[in-house]
Every structure is written in structure tokens, then in C-alpha cells.
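Inspection log for the structure reproduced underneath, given as C-alpha cells.
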Number of protein chains: 2
Amino acid sequence: MRDIDIAEAARLSGVRASTLRFYEEKGLIASHGRRGLRRMFDPAVLDRLALIALGRAAGFSLDEIARMFAPDGRPRIDRRMLAAKAEELERTIRKLNAMRDGLRHAAACPAPSHMECPTFRRLLRAAASGAIGERKTRRPPRKSFAATGREQGRARGS
Amino acid sequence: MRDIDIAEAARLSGVRASTLRFYEEKGLIASHGRRGLRRMFDPAVLDRLALIALGRAAGFSLDEIARMFAPDGRPRIDRRMLAAKAEELERTIRKLNAMRDGLRHAAACPAPSHMECPTFRRLLRAAASGAIGERKTRRPPRKSFAATGREQGRARGS
DNA sequence: CTGCCAGTTCAAGTTAACTTGAGGTCAAGG
DNA sequence: CCTTGACCTCAAGTTAACTTGAACTGGCAG
């Protein structure tokens, strides 16, 4: 097997075809040519996609990830960058630990109202002072279809 | 001192005036009347803002936070929701721990290329399989000004 | 040969949480 | 009385990472 088409790449990687096109446009991946109109990908794109998924999971933005590939496409990952991101994760983890403990306490606290629970109020002060905050978690915006991750095969409307 | 104006509320809470207006529009806070055009806030809004900051730090969306206040404005925080969020944080923390360890290893790994490091490749597989992913951290989008968090006092343009 | 259907392009839409800008108002100070 | 400046409203812009829609194309099965 030489090249794979976009549907195959999507199937094998779990990344949607529309995302693959988006990634290509962004320069994160490259198609290896066309058969007619259709992109053909080198199977190595799957490694690349795994690398991208890893970067995303580690909290890198797509732009940061793009910068981790040399112009020739070879991954040139700076070890210091990895270490820095590890430290960043470390800090995040610490905050989340504190938050989790606080939430657990608040959930179990017998005080009649949360406002009367000292632990809750301490958490509150920490949050208000910004000692904890600056975290934003986006949930995946997939709003429709229980599809398994592929684009639906429904083109050319009315 | 009875009521505070928006600038005072911003100063005391560290939340921008524009954000306060936004929160009011969203129903997260309420102004207690107007002096002329200007909103006046009950100082209790500061507690409310702290609560909101706490919720945000814990990973709740503004909409979720809004739902934590009864229609009358009293906080009605479901302990089960807190516990659930704590569990969610727990899962996130575990993933981040794995990611941090992997990054640290990769940063220290003596293999000539990351692709030849077994640990790195293991991480890669985990990310590709989605066992780690689904995390998205947004950095604060404040793109301009080193201001301390207040709106600049510069109105009426040309 | 014909038509289907998966693929294509490009622009625009989505979401969250705000921010920014334009243009307007009003209370107080000089 | 008139200016000033902080506040007001409302609409539109921002960012990231995609998704969706409309209109189109072309390889291949029949």
C-alpha cells in the first residue's frame, strides 16, 4: 500500500476529514499529491497526526506545534520547550489539586451553607486573589450527530 | 458606605468594568439601581464575584455558574455537582501527570531523535488513541496594555 | 455514456468569554 | 452655563480550532 486517501487517513487516525484539510491548510500536515482532485497522503502522516495529538494533549497550540516542525517537515522538538511545558503542567496540576481538594471538602462539608464553611471561604479568597484561576477548559464543540468521528457521507444538497 | 460604582467594584474585585457589565447582562451579577446612568452595586457583589472566580477556576462555564444561583440570587450550590467536578478534575489531573512525566522524560531522553525514544513513542500512542487528549487550555487573550486590570480612562474619541 | 458519491474549494458560521469602538448622557466642577 | 470625564448602550470584533454549507468535479460502477 502506497498512499492513502483522506477518508482512510481519517479512519486510521480518528481525525475528521475536515480537520485534515484544515491541518493541511495550516501547514501541519502535507498531502503527497493528488489523484484527480483527491489528496493522497503518505501513511507517515499518521505519525505526524499522532505527534499533533500529543502536542495538543500536552497543551500546545496548533501554532506552537507547527513551529516544532522544521521547514523540511522533520520534527525538530526543542527539549527545553518540553521541559518548560512540563513545568507549566506541574503548576497547573498543583492548582487543580488544590481546587479538587477544596471542591471535595465543600461537597462533604456539613456547614448549612457553603458561605459558612471556612474551607470554602478560603478557596473563595484564593480564587478571588487570582492565586488559582486563569484556567479555561473547552469542551469539544461537537454539537451534533453521534457519528464515530467521520464526516457524514452526504454531499451535494438540493 | 452603601453602594459602590462600577469603577470601585472593578478596583476591589480585580474584574474589569467591561466584564462587570458583561456579567450583569449575562445575569451573573445584578446592579442595585442607578445613580443617573451609572450602575450602583451592593458591596455584596464582591462575594458574588469571588464565587464566580472560584467557579471559573474550578472549570465551570459561566452558564454553569449562572445555574448555581437560585432565581432569587441566593447561591444554591449542589454538592453533588461539586463532587462531580472534583472527580472530573481528578481525571484531568491524572492525565496531566502522565503527560508531564512523559514530557520530562522526553526532555531528558538521550535518544538521538524523539522518535527513537520508547517512552516518547508510548506517549505518542496514548495521545493518538485519545487516552490522554481532549484538553484545551486557553491563555488569557489580553493582547494589549500592561494595565493592572482596569479599563483605561480614555473616552470620547475624535 | 451516465450518474452517483466521495472528494474538492472557499467563505462563513460556531463557541466562550470577553474587549473594543462609536456615539451618547449626565453630574459635578470651574 | 459649559466643559469634562467617567459612565452608558449596542454592535461588532477577537481568538482558537474547527465545522458547515453551497456549489462544483471527476473517477468509476453499471
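Nothing here was measured: the structure is a model prediction, and the numbers come from that model.
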Does the [X] side chain pair with the main chain of [Y], one donor and one acceptor, at a distance under 3.5 Å?
{"X": "B/Arg16", "Y": "B/Ala10", "result": "no"}
{"X": "A/Arg39", "Y": "A/Ile4", "result": "no"}
{"X": "A/Asp42", "Y": "A/Val45", "result": "no"}
{"X": "B/Arg79", "Y": "A/Cys109", "result": "yes"}

How close or far is atom [atom2] of [N] from atom [atom1] of [X], stated in whole angstroms?
{"X": "B/Glu8", "N": "D/dA6", "atom1": "CD", "atom2": "P", "answer": "15 Å"}
{"X": "A/Asp63", "N": "D/dT14", "atom1": "CG", "atom2": "C1'", "answer": "15 Å"}
{"X": "A/Leu20", "N": "C/dA6", "atom1": "CG", "atom2": "P", "answer": "17 Å"}
{"X": "A/Glu25", "N": "C/dC10", "atom1": "CD", "atom2": "P", "answer": "8 Å"}
{"X": "B/Glu24", "N": "D/dC8", "atom1": "CD", "atom2": "P", "answer": "8 Å"}
{"X": "A/Asp5", "N": "D/dG26", "atom1": "CG", "atom2": "C1'", "answer": "14 Å"}
{"X": "A/Arg11", "N": "C/dG7", "atom1": "CZ", "atom2": "C1'", "answer": "17 Å"}
{"X": "A/Arg21", "N": "D/dC24", "atom1": "CZ", "atom2": "P", "answer": "17 Å"}

Are OP1 or OP2 of [N] and a side-chain N or O of [X] less than 4.0 angstrom apart?
{"X": "A/Tyr23", "N": "D/dA17", "value": "no"}
{"X": "A/Arg16", "N": "D/dT20", "value": "yes"}
{"X": "B/Thr19", "N": "C/dA17", "value": "no"}
{"X": "A/Ser18", "N": "D/dT19", "value": "yes"}

Cut-off 3.5 Å, side chains only: do B/Asn97 and B/Arg94 have a donor facing an acceptor?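 Note: B/Asn97 and B/Arg94 side chains miss the donor-acceptor criterion.
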Which nucleotide wins on minimum distance to the side chain of A/Phe22, given the candidates D/dA17, D/dC7, C/dG7?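 Out of D/dA17, D/dC7, C/dG7, the nucleotide with an atom closest to A/Phe22's side chain is D/dA17.
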With sequence neighbours excluded, tell me which residues meet side-chain hydrogen bond (donor to acceptor under 3.5 Å, both in side chains) with B/Arg35.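 Result, side-chain hydrogen bond (donor to acceptor under 3.5 Å, both in side chains) vs B/Arg35: none returned.
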Nearest 0.5 Å please: distance from the CZ atom of B/Arg91 over to the CG atom of A/Leu96.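 It comes to 13.0 Å.
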Strand contacts (DNA chain D) in residues 31-40 of chain B, 4.0 angstrom heavy-atom criterion: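 Here the set is B/Arg34, B/Leu37, B/Arg38, B/Arg39.
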